[in-house]
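Report on the following structure.
Every chain is numbered from 1, with letters handed out A, B, ... down the list of sequences.
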Amino acid sequence: MKLCEFIRPATLAQARASLRKLGPKGMPLAGGTALHFMPGKTPVSAVDLTGLALSYIRQKGNFFEIGAATPLSDIQRYRSPRWAMHEICRRISTHQIRNVSTIGGNICRVFPWADLPVVLLAMNARMVIYSGKAKEMGADEYFSSQPARLFRNGDLLTAVKIPVLKAQHGFGSVKATRNAAAFSMVTIAALLELKDGRIAAARVAAGSAIPFPKRLRSVEAALLGKEPSSETFRAAAALAGTDAKWCKQEGMSAEYVAGLAEVSIVDALERAAEFARGRTA
Amino acid sequence: MISRNSKSFSLSCRVNGSELEREIPSSRSLLDFIREDLGLKGTKEGCGEGECGACMVLVDGLAVNSCLMMAVQLQGKELVTIEGIKGKDGGLHSLQKTFLAEGAVQCGFCTPGLIIASEALLRRKPDATLEDIKLELTGNLCRCTGYEKVLSAVEKARRK
Ligand SMILES: Cc1cc2nc3c(=O)[nH]c(=O)nc-3n(C[C@H](O)[C@H](O)[C@H](O)COP(=O)(O)OP(=O)(O)OC[C@H]3O[C@@H](n4cnc5c(N)ncnc54)[C@H](O)[C@@H]3O)c2cc1C
Ligand code: FES
Ligand code: FES
């Protein structure tokens, strides 16, 4: 995609007003690393979001709040006892791309290889959208289809709120790749809540090997009330085919991808359980 | 290539230590701006899509792929290209010296990008481990050296 104009608003309200005035010719621009993934012969007017104080990470009550224009490298480096977002961020592309790519850019237009939607679905994150005033949307609704639908009228994502993990929570993510910086073959994220040695709640999401990131509801249902053991995880993962139609990829048949996905689900669940045990111990 | 319907943008930034003001087309990529407008040919174009690292430069001290950025995104920022990497005495930088000493340069196409990525790491983490160096250089492809000599060059520069 080519730019024909670069507009640098001073406030969020100005950014929205510019985008509304420009209509389909306008585009919010964060890191700009996705420009070459977006075909389109008509040049667009870019409205820069990097000067709007939207780059921050802070803990506020029960949430970590990440500004929409926060680069992935900052999320990767951030540490806090109940924070797990760095794990996936260090697996996204290269350090140099993470220095520029933002969390907003990753989730406002979801590409098939995007990893953050998978993690945010599992974590039950909340997205803050500015439409003259701030409104919040849960991950299930936000990722129910391409989120770009929400930003066509000049509205903007301003922040992502991630629930702080409680002592009984465990989180794990797995990204299967051919080499360190490659696109994902399959990405899985799992959040478990343990109570009295059993799984009281579970959110498991997948991406990359399916057309659009989604939760694996049959897998989640099969985990409830069970002990967090390898047998439980294997039996639940075997149901993933009910929720997701795994797609063949370059050099991989659909059966191979299904097998890889199952193993990755088990790994993500093992990691989540280990995380939760570490916290409850 | 200048798009005919591209509006120009008044860019002001710092390039290799000097202030720069320039009217540029909004459609200019940072890589084209560096090579074609500024004539700084040390920054290379390999893949043009963020895979090889030959185009790496420092923007406000962070290594970035200039093929993935637009020149307008440089507004108010500081750009350092390989031409701006020097030792304190104005001669070769310690990384350039160790790359030469270790034989970490063959055809040299990837070398500016590797030096930039390594410099960004050592500025941020002067005591970087071998693992840190490997991770940082994930975004730099070299088709000649096999990487071993590159890794030992960065390790040696770290100690200087
Ligand atoms: C070589 C390469 C490999 C990559 N590999 C991976 C990978 O393995 N996994 C992965 O997850 N990602 C990967 N990425 C990153 C991903 O593909 C996108 O390039 C990146 O997430 C975009 O972020 P950005 O800040 O540069 O967004 P931009 O390019 O600035 O914007 C992307 C889209 O989001 C919109 N947008 C941005 N911010 C907002 C906002 N606040 N409100 C409304 N709309 C907004 C823009 O209008 C645009 O449509 C890779 C990128 C490259 C170049
Ligand atoms: S030319 Fe920019 S990464 Fe290859
Ligand atoms: S020295 Fe030739 S590509 Fe690295």
Side-chain angles (χ1 to χ4, degrees), chain A residues 1-10 22 25-27 29-51 55 69 71-74 76-77 86 89-102 105 111 113 177-183, chain B residues 1-11 24-31 47-77 113-114 116-118 120-121 124-125 131-141:
Chain A
M1 192 168 269
K2 274 213 172 269
L3 303 192
C4 61
E5 195 181 4
F6 186 63
I7 299 164
R8 303 185 76 227
L22 288 161
K25 282 189 311 189
M27 189 187 93
L29 192 78
T33 61
L35 280 175
H36 78 280
F37 294 128
M38 293 189 272
K41 295 213 165 57
T42 319
V44 294
S45 296
V47 176
D48 181 28
L49 305 182
T50 60
S55 177
L72 302 184
S73 53
D74 287 1
Q76 174 193 349
R77 283 195 206 114
H86 58 288
C89 285
R90 66 183 281 277
R91 298 292 325 278
I92 295 180
S93 193
T94 64
H95 204 85
Q96 295 75 26
I97 288 173
R98 295 192 294 268
N99 277 337
V100 182
S101 282
T102 64
F111 291 98
W113 53 85
T177 56
R178 285 178 200 272
N179 61 47
F183 289 128
Chain B
M1 216 207 317
I2 299 176
S3 159
R4 257 184 293 132
N5 48 4
S6 171
K7 287 193 190 159
S8 67
F9 181 84
S10 302
L11 175 69
I24 55 161
S26 302
S27 57
R28 206 65 154 163
S29 79
L30 180 56
L31 177 59
C47 63
E49 53 185 36
E51 301 277 357
C52 74
C55 65
M56 249 176 231
V57 293
L58 298 176
V59 172
D60 282 351
L62 298 176
V64 303
N65 300 98
S66 62
C67 68
L68 292 180
M69 267 180 90
M70 304 306 292
V72 289
Q73 291 179 284
L74 209 55
Q75 177 63 19
K77 300 199 165 139
L114 279 165
I116 292 279
S118 308
L121 171 66
R124 200 177 73 240
K125 213 169 179 184
E131 199 50 36
D132 293 329
I133 300 169
K134 284 184 183 172
L135 275 177
E136 193 81 13
L137 301 187
T138 314
N140 297 82
L141 297 184

Can you see which heavy atom on B/T138 is nearest to which on A/A181, and at what distance? CG2-CB, 3.7 Å
Measure the spacing between CD of B/Q75 and OG1 of A/T50 and express it to the nearest 0.5 Å. 10.5 Å
For a 4.5 angstrom cut-off between non-hydrogen side-chain atoms, does A/R90 reach B/L135? yes
Between atom CD of B/E49 and atom NE2 of A/H36, what is the distance when rounded to the nearest 0.5 Å? 5.0 Å
Search all heavy atoms of A/H95 against all heavy atoms of B/E136 and return the closest pair with its distance. CD2-OE2, 3.5 Å
Show every donor-acceptor pair shorter than 3.5 Å between a side-chain atom in residues 56-74 of chain B and any protein atom, with sequence neighbours excluded, or say none if there are none.
| unit_1 | atom_1 | unit_2 | atom_2 | d |
| --- | --- | --- | --- | --- |
| B/D60 | OD1 | B/E78 | N | 2.9 |
| B/S66 | OG | B/C55 | O | 2.7 |
| B/Q73 | OE1 | B/M70 | N | 2.8 |
| B/Q73 | NE2 | A/G31 | O | 2.9 |

Just so I understand: if I count every heavy-atom pair under 4.5 Å between each of A/D48, A/L35, A/T94 and chain B, which residue has the most? A/T94
Where is the tightest heavy-atom contact between B/G50 and A/I97, given as atom of each residue plus distance? O-CD1, 3.4 Å
Once rounded to the nearest 0.5 Å, what's the spacing between atom OG of B/S27 and atom CE of A/M1? 14.0 Å
